[in-house]
Amino acid sequence: NDTANFLFSMFAPDDLIFIGDRLEPGIVGQNICTVTDWIKYFQAGEKTAPFIMINPLTGRPAPKRSGEGETFRGDGNIKTFRYCLVEFDNLSREEQMRFWTAVKLPIAALIDAGNKSIHAWIKVSNVNSIEDWQRDIRQRLYEQCLIPLGVDSACSNPARLAFHAAAGGQFRTR
């Protein structure tokens, strides 16, 4: 039920979400499904790979970042820019929890990845294109504010994969 509750809290029922492994290609109807379909899948007791994409997808192909071929789960496939992912690699769990307790960011959820990291899903607003994301999220939020605090810089893209509750993590939404 944790995963169903998480999906219901974070996404719209018809949002297309990728859930799978890091290296899997995105395949609509297989590992890119609507939230409603994923909830049914998990309620039936099914299991999947441990990663979820933080933003809904279009379901249409887009050019890969490399320029070689197309993908269904890259930055160019994002339908709605709803969240960014923030995690620390250099702070203890206790230091991370103190940070998340004190920081004034619009935290949508904190996911305990079960090892050393707490993943924060931060709500973003007024981001309507990849250009807006690059300017407002990557440059202003990450590069100017978060990276100097020790946040993992690799997490600054909109098609970021995060650990999800069905893989054994625990989450709390705000």
Side-chain angles (χ1 to χ4, degrees), residues 3 5-12 15-23 26 32 35 50-60 62-67 71-165 167 169-174:
T3 300
N5 289 335
F6 177 76
L7 292 172
F8 181 75
S9 297
M10 302 297 284
F11 300 103
D15 280 344
L16 284 173
I17 303 297
F18 170 85
I19 299 179
D21 203 359
R22 287 186 192 275
L23 301 178
I32 297 174
V35 168
F51 296 99
I52 182 171
M53 189 165 293
I54 62 172
N55 286 303
L57 298 165
T58 63
R60 296 183 304 274
K64 289 183 178 181
R65 192 178 330 173
S66 68
T71 183
F72 283 86
R73 55 163 267 202
D75 291 344
N77 302 98
I78 300 300
K79 179 180 180 181
T80 308
F81 299 88
R82 201 171 290 156
Y83 306 106
C84 66
L85 182 72
V86 179
E87 73 172 278
F88 292 93
D89 287 332
N90 60 348
L91 296 180
S92 70
R93 292 169 59 78
E94 293 78 22
E95 291 170 315
Q96 290 177 60
M97 288 310 296
R98 280 196 295 273
F99 176 85
W100 294 120
T101 301
V103 72
K104 302 259 190 266
L105 287 171
I107 300 169
L110 294 175
I111 312 256
D112 182 344
N115 51 20
K116 65 176 185 167
S117 190
I118 307 292
H119 294 184
W121 289 36
I122 308 298
K123 294 177 191 173
V124 299
S125 58
N126 301 319
V127 178
N128 300 306
S129 67
I130 194 69
E131 293 78 21
D132 290 347
W133 182 278
Q134 297 291 9
R135 182 190 64 242
D136 297 336
I137 305 303
R138 183 165 293 178
Q139 291 174 1
R140 290 185 185 148
L141 180 62
Y142 281 89
E143 291 177 12
Q144 293 176 16
C145 299
L146 296 174
I147 293 171
L149 295 173
V151 165
D152 184 352
S153 63
C155 295
S156 63
N157 66 310
R160 194 71 196 165
L161 296 179
F163 194 74
H164 68 84
Q170 297 179 358
F171 76 95
R172 297 289 179 261
T173 56
R174 277 193 177 174

Novice: For residues A120 and L110, report the shortest heavy-atom separation together with the two atoms involved.
Specialist: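 Taking A120 first and L110 second, the nearest heavy atoms are CB-CD2, 3.6 Å.
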
Novice: Taking atom CZ of F99 as the centre, report whether more than 12 heavy atoms of other residues, nucleotides or ligands fall under 6.0 Å from it.
Specialist: yes

Novice: Any non-hydrogen side-chain atom of F11 less than 4.5 Å from a side-chain atom of T80?
Specialist: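 Contact flag for F11/T80 side chains = no.
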
Novice: For R135, does the CZ atom have more than 12 heavy-atom neighbours from other residues, nucleotides or ligands under 6.0 Å away?
Specialist: yes

Novice: Could you pull out all residues at least two apart from F81 that satisfy ring pair (Phe, Tyr, Trp, His ring centres under 6.0 Å)?
Specialist: W133

Novice: Do the non-hydrogen side-chain atoms of I137 and Y142 ever get within less than 4.5 Å of each other?
Specialist: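 In contact.
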
Novice: If I take atom CZ from residue R82 and atom OG from residue S125, how far apart are they, to the nearest 0.5 angstrom?
Specialist: 13.0 Å

Novice: Return the minimal non-hydrogen interatomic distance between R73 and M53, and the atom names on each side.
Specialist: O-CE, 3.1 Å

Novice: Side chains of L146 and I122: does their closest heavy-atom pair fall under 4.5 Å?
Specialist: no

Novice: Can you name the residues that form a ring pair (Phe, Tyr, Trp, His ring centres under 6.0 Å) with F72, not counting sequence neighbours?
Specialist: none

Novice: What's the spacing between L85 CG and N55 CG if we round to 0.5 Å?
Specialist: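 Answer for the CG-CG pair, L85 versus N55, is 10.0 Å.
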
Novice: Strictly below 4.0 Å, N to O, side chains only: are K79 and D15 in salt-bridge contact?
Specialist: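 Here K79 does not pair with D15 in a salt bridge, since their nearest N and O are not under 4.0 Å apart.
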
Novice: Could you check if a side-chain atom of I52 sits within less than 4.5 angstrom of a side-chain atom of L7, using non-hydrogen atoms only?
Specialist: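 SC-SC contact between I52 and L7 confirmed.
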
Novice: Check whether Y83 reaches the backbone of A109 with its side chain - one donor and one acceptor, N or O, closer than 3.5 Å.
Specialist: no

Novice: Identify the two heavy atoms, one from P56 and one from I17, that lie closest to each other, and give their separation to 0.1 Å.
Specialist: CA-CD1, 3.9 Å

Novice: Can you give me the closest heavy-atom contact between L141 and L105, atom names plus distance?
Specialist: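 That would be CD1-CD2, 4.3 Å.
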
Novice: For L91, does its backbone N or O pair with a side-chain atom of Q96 as donor and acceptor, under 3.5 Å?
Specialist: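 A pair under 3.5 Å: yes.
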
Novice: Hey, are the side chains of R65 and T71 touching, using non-hydrogen atoms and a 4.5 Å cut-off?
Specialist: no

Novice: In Å and rounded to the nearest 0.5 Å, what is the CG to CD1 distance from L57 to I78?
Specialist: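 L57 CG to I78 CD1: 5.0 Å, rounded to 0.5 Å.
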
Novice: Identify every side-chain donor-acceptor pair in residues 150-163 under 3.5 Å, counting partners at least two apart or on other chains, and give the distances.
Specialist:
{"unit_1": "D152", "atom_1": "OD1", "unit_2": "A154", "atom_2": "N", "d": "3.0"}
{"unit_1": "S156", "atom_1": "OG", "unit_2": "R138", "atom_2": "NE", "d": "3.3"}
{"unit_1": "S156", "atom_1": "OG", "unit_2": "S153", "atom_2": "O", "d": "3.1"}
{"unit_1": "N157", "atom_1": "ND2", "unit_2": "D75", "atom_2": "OD1", "d": "3.1"}
{"unit_1": "R160", "atom_1": "NH1", "unit_2": "A154", "atom_2": "O", "d": "2.7"}

